[in-house]
Amino acid sequence: MSKRENYISWDEYFMGVALLSGKRSKDPSTQVGACIVNTQNKIVGVGYNGLPIGISDDEFPWQKQGSFLETKYPYVCHAELNAILNNIGISLHGCKIYTALFPCNECTKAIIQSGIGEVIYLSDKYATQDSFVASKKMLEKAGIAMRKMEAQQKHIALSFEEGDV
Ligand SMILES: Nc1nc(=O)n([C@H]2C[C@H](O)[C@@H](COP(=O)(O)O)O2)cc1CO
Ligand SMILES: [Zn+2]
């Protein structure tokens with residue numbers, strides 16, 4: 001018997017972990033996940049967008065509109081920052097970060113400071129907003145590679161049915 005052919009690529013695997021992590025998000029509008037990988041293709045940090053530890057998901061707002069303090073924006077911790085902070089306790093120098101959404105300027109600063117060397121993203125839907133223009137300016141100047149993920153497999157299904165294993 002020859003080897004299975006339609007196995008997922010490393011990019012699909014790590015972005016898949018990022019997307020699965022995003023499924024934990026309580027944000028009703030946008031669920032983002034991120035996955036950090038070292039030079040040996042080992043996962044060293046995972047995160048999703050959520051409120052800081054100890055802050056109730058039920059007591060803080062999730063809305064996008066209204067006065068700033070009544071929206072989610074001042075409180076939510078982005079997936080990329082969570083993945084960096086949740087790392088397994090190692091230097092992230094030379095690691096890659098897979099993120100569903102292109103990083104904002106605040107996460108970009110944390111990415112740069114942590115030593116991450118490459119950003120792989122699925123969507124750059126906010127590209128025209130100043131925050132993301134600033135991100136690109138900083139990433140370019142810092143010599144950090146950026147690339148949009150090209151998936152061969154557009155969808156991957158998971159089953160928790162024991163008969164499917
Ligand atoms: N790169 C990102 N990582 C993230 O974790 N987020 C989070 C913050 C918010 O919870 C949500 C974006 O809000 P909105 O697209 O519904 O308005 O995604 C957002 C971005 C985009 O900068
Ligand atoms: Zn961010």
Side-chain angles (χ1 to χ4, degrees), residues 10-38 43-88 90-151 154-156:
W10 283 119
D11 273 358
E12 289 161 350
Y13 175 45
F14 298 131
M15 191 61 87
V17 169
L19 292 173
L20 190 61
S21 170
K23 299 279 184 206
R24 286 273 316 143
S25 176
K26 318 301 179 308
D27 188 327
S29 313
T30 311
Q31 301 84 42
V32 185
C35 175
I36 301 174
V37 179
N38 74 8
I43 294 172
V44 296
V46 176
Y48 57 87
N49 54 328
L51 294 177
I53 293 166
I55 298 180
S56 167
D57 297 322
D58 301 313
E59 290 167 22
F60 276 65
W62 284 108
Q63 61 213 41
K64 292 161 70 113
Q65 253 127 38
S67 73
F68 186 57
L69 292 177
E70 317 257 289
T71 69
K72 63 185 172 183
Y73 298 110
Y75 313 110
V76 74
C77 192
H78 289 191
E80 302 92 316
L81 185 62
N82 273 333
I84 290 170
L85 296 172
N86 288 344
N87 87 72
I88 59 171
I90 57 155
S91 162
L92 301 183
H93 195 85
C95 288
K96 299 188 255 195
I97 188 165
Y98 287 80
T99 177
L101 256 186
F102 198 90
C104 73
N105 64 309
E106 292 299 332
C107 290
T108 291
K109 289 183 265 186
I111 288 169
I112 295 170
Q113 296 303 71
S114 70
I116 288 173
E118 185 175 4
V119 173
I120 301 111
Y121 57 94
L122 266 188
S123 165
D124 193 11
K125 66 177 177 177
Y126 295 130
T128 55
Q129 293 182 10
D130 286 352
S131 163
F132 301 87
V133 175
S135 291
K136 282 179 195 123
K137 259 173 122 164
M138 289 189 279
L139 290 167
E140 269 161 25
K141 282 284 177 206
I144 295 176
M146 297 164 251
R147 88 182 140 85
K148 185 167 160 52
M149 155 107 184
E150 299 295 344
K154 297 290 179 202
H155 299 270
I156 295 173

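One-based numbering, in listed order, for ligands and for the atoms of each. What you see is a predicted model; the values in this text were computed from it and never measured.
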Seminar exercise, completed: Minimal heavy-atom distance between L81 and C107, with the atoms involved, is N-SG, 3.9 Å
Exercise. Considering only heavy atoms of Y126, which atoms of ligand 1 have at least one such atom less than 4.0 Å away?
Worked result: 14 (P), 15 (O), 17 (O)
For this session: Might you point out which heavy atoms bring I36 and C95 nearest each other, and give the distance in Å?
Result: CG2-CB, 3.8 Å
Seminar exercise, completed: Closest to atom 17 (O) of ligand 1 among protein heavy atoms sits Y73 OH, 2.4 Å
Problem set entry | Nitrogen or oxygen atoms of K125 and ligand 1 under 3.5 Å apart | no
Exercise. Side chains of Y75 and I55: closer than 4.5 Å at any heavy-atom pair?
Worked result: no
For this session: Check whether any N or O atom of D27, backbone or side chain, sits under 3.5 Å from an N or O atom of ligand 1, and answer yes or no.
Result: yes
Exercise. Taking distance alone, with no angle check, do F102 and ligand 1 share an N/O pair under 3.5 Å?
Worked result: yes
Problem set entry | Element-labelled atoms of ligand 1 that are located less than 4.0 Å from some non-hydrogen atom of P103 | 1 (N)
For this session: Identify, for atom 1 (N) of ligand 1, the protein heavy atom at the shortest distance, and state residue, atom and that distance.
Result: E80 OE2, 2.6 Å
For this session: Using only N, O or S atoms, tell me which atom of H78 is closest to the Zn ion (ligand 2).
Result: ND1
For this session: Flag C77 as yes when one of its N or O atoms lies below 3.5 Å from any N or O atom of ligand 1, and as no otherwise.
Result: no
Exercise. Given atoms SG of C107 and SG of C104, what angle do they subtend at the Zn ion (ligand 2), to the nearest 10 degrees?
Worked result: 120°
Exercise. At what distance is the nearest protein heavy atom to atom 22 (O) of ligand 1, and which residue and atom is it?
Worked result: F132 CZ, 3.0 Å
Problem set entry | Salt bridge present between K137 and E140 (N-O < 4.0 angstrom) | no
For this session: Check ligand 1 against V76 and write out every atom of the ligand that is under 4.0 Å from a heavy-atom position of the residue.
Result: 8 (C), 9 (C), 10 (O)
Exercise. So, S131 side chain and N105 main chain: donor-acceptor pair closer than 3.5 Å or not?
Worked result: yes
Exercise. What closest approach, in Å, do G50 and N82 show between heavy atoms, and which atom pair accounts for it?
Worked result: N-ND2, 4.1 Å
Exercise. What orientation do W10 and Y13 show, parallel under 30°, tilted 30 to 60°, or perpendicular over 60°?
Worked result: tilted
Exercise. So which heavy atom on E80 is nearest to which on P103, and how close?
Worked result: OE2-CA, 3.2 Å
For this session: For K64, take its heavy atoms, then give the atoms of ligand 1 lying under 4.0 Å from any of them.
Result: 14 (P), 15 (O), 16 (O), 17 (O)
Problem set entry | Residue and atom name of the nearest protein heavy atom (relative to atom 7 (C) of ligand 1), distance in Å to one decimal | N49 ND2, 3.5 Å
Exercise. Is a side-chain donor or acceptor of S135 paired with a backbone partner of C104 at a separation under 3.5 angstrom?
Worked result: yes
For this session: Quick one: look up the protein heavy atom nearest atom 20 (C) of ligand 1 and list residue, atom name and how far away it is.
Result: L101 CD1, 3.6 Å
Exercise. Under 3.5 Å, side chain of N86 to main-chain N/O of V46, donor-acceptor pair present?
Worked result: yes
For this session: Apply the side-chain contact (heavy atoms from CB on, under 4.5 Å) test between D27 and each candidate in L51, D57, N49; give the one that qualifies.
Result: N49
For this session: Considering only non-hydrogen protein atoms, determine which one is nearest to atom 5 (O) of ligand 1 and report residue, atom name and distance to 0.1 Å.
Result: A79 N, 2.9 Å
Exercise. Do any nitrogen or oxygen atoms of S29 lie less than 3.5 angstrom from nitrogen or oxygen atoms of ligand 1?
Worked result: no
Exercise. So which heavy atom in the protein is nearest atom 13 (O) of ligand 1, and how far is it from that ligand atom?
Worked result: K72 NZ, 3.2 Å
For this session: Could you tell me the residue and atom name of the protein heavy atom closest to atom 12 (C) of ligand 1, and the distance to it rounded to 0.1 Å?
Result: T30 CB, 3.8 Å
For this session: Kindly assign one of parallel, tilted or perpendicular to the pair Y126 and F132, based on the angle between their ring planes and the thresholds 30° and 60°.
Result: tilted
